[in-house]
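One structure is given here, and the rest of the page talks about it.
Order of listing sets the numbers, starting from 1, for every ligand and every atom in it.
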Amino acid sequence: MASVGPSSPAAAAGLAELGALATDARALVAAARLDRSGWDPAGTPLALVRARGVDDVVRTLEVAHRHRLPVVTRGAGSGLAGAAAAGPGSIVLDLSGMDRILSVDPVDQVARVEPGVITADLDRAAAAHGLFYPPDPGSVAISTIGGNIATNAGGLRGARYGVTRDYVLALDVVLADGTGLHLGHDTVKGVVGLDLVGLVVGSEGTLAVVVGATLRLLPRPVRVATAAAFFASVAEGAAAAVELARAGLRPAVVELVDRPTLEAVDEFRGTRLAARGGAFLLVQCDGFGAEEEITLVEKVLARSATSVRTTLDPDEAQELSAARRDALPAIEARGRVLIEDIAVPRSRLGEAVVAVHAVAARTGAQIYVFAHAGDGNLHPIIVVDPARPAAAEEAADGIFAAALALGGTISAEHGVGRLKRDWAAQELGPASLAVQRGIKDLLDPLGILNPGKVL
Ligand SMILES: Cc1cc2nc3c(=O)[nH]c(=O)nc-3n(C[C@H](O)[C@H](O)[C@H](O)COP(=O)(O)OP(=O)(O)OC[C@H]3O[C@@H](n4cnc5c(N)ncnc54)[C@H](O)[C@@H]3O)c2cc1C
């Protein structure tokens, strides 16, 4: 672990060597020290480097390594686990300015990008060639590809298309001491060497800094078909999502919304969705067989739903999706939120929602649940009661315990960062943790990359 005080000789020497590359202007540095989790490391970082190219990254890391200064790499700061929050004495390495899409190849169906490219911009560039970039986190309009890679971000289309890891073929990275490496293969297939790309994906800035990526793209789906269903209870909605899998269907989107969330959306938008049922399920199929598949989806849902509507019309699909699309803003309108992110085996989704509701009843915390039901990923959202903040923490602990008890994980896609470090240690167990710390020590022997996070 790097240990250096903000006013130490090492910090002063490091700043002097970085020269004009870094700024220590308080306002600029302070603006880049938090992420969207709200976790505050208390104190202001030493300096901010806004990298314009790989050379800036190499130079920053060489200097930081020489003087043992902690470095917190930053994309858009949209993370929800405190991973990009930078404490006193650290250098914030902001890569959002390295935002060029270097190439999109319609035959190889790969893109070469810099890490600061906004996720939605890559998808737009791919669309110009009839392609798409499948990972679509809810933050797609603001998050960067580098941040998506470092957190292994997922999204709504994960049910069919998987997560960021499934689209990363090769990475250019800079190690803690400034050494540059090309990892992986620029080809769609390639098995030479250990899978170091897989190691860096999801490592939350603790193993290396990603300065370039070769990403897989897919042909853009020709059409999208949508089904929207209401159920009497969330248990029935969850069971219907499981039945879709049992029927051999593989929609791109399967999103479940519980009653408290429907009530929040009603208050936010002036609708009466909660009067229609205790849960809402949004299903989307895409590609050439979308129309046929949605007919089968409708049949499965109709067995237990109180109502089902399907459409091929994009405007109507927008309208039907509103209960899911507005879920987070509607809950956020009720107070400060903790956005949790657990996953359980898909077959245990219903049990997980019931367990989260039991935690709400036990702790008295307000908890809302929406879920990427197709891959067993729940987002329980806790609204923090300012008069009883401890209830929110107790509720979060109850949610993590329930996830592990159901054979699941404490983070499906948002990462561990600072906030879930203790629970990650519990999930991993001492033997796995020791191996992972050994890998970290090998790549970053001085512990300067995002210290105090993840492991
Ligand atoms: C409204 C909202 C909705 C969201 N929805 C989703 C969702 O559906 N799915 C999902 O997975 N996440 C979601 N998120 C969380 C967040 O957007 C993702 O974690 C995203 O991948 C973070 O990208 P970023 O560029 O903001 O990274 P940051 O927050 O800046 O950084 C996140 C981590 O990545 C590291 N990092 C960043 N860039 C690099 C790099 N180039 N090299 C090495 N390390 C790097 C940082 O050090 C940090 O550890 C959501 C967030 C918000 C606010």
Would you say [Y] and [X] are linked by a side-chain donor-acceptor pair, where the criterion is simply a distance under 3.5 Å?
X: His67; Y: Glu17; result: yes
X: Arg36; Y: Ser78; result: no
X: Ser103; Y: Asp105; result: no
X: Tyr161; Y: Asp286; result: yes
X: His182; Y: Asp172; result: yes

| query | Is the shortest side-chain N to carboxylate O distance from Lys420 to Glu340 below 4.0 Å? | reply |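 Between Glu340 and Lys420 there is a salt bridge, with a charged N closer than 4.0 Å to a carboxylate O.
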| query | Tell me, which residues have any heavy atom less than 4.0 Å from some atom of ligand 1? | reply |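 Within the 4.0 Å shell of ligand 1, which is judged on heavy atoms, sit Arg36, Thr73, Arg74, Gly75, Ala76, Gly77, Ser78, Gly79, Leu80, Ala83, Ala84, Leu95, Pro115, Pro137, Gly138, Ser139, Ser143, Thr144, Gly146, Gly147, Asn148, Ala150, Thr151, Ala153, Gly154, Glu204, Gly205, Ala208, Val209, Val210, Leu328, Glu413, His414, Asn450.
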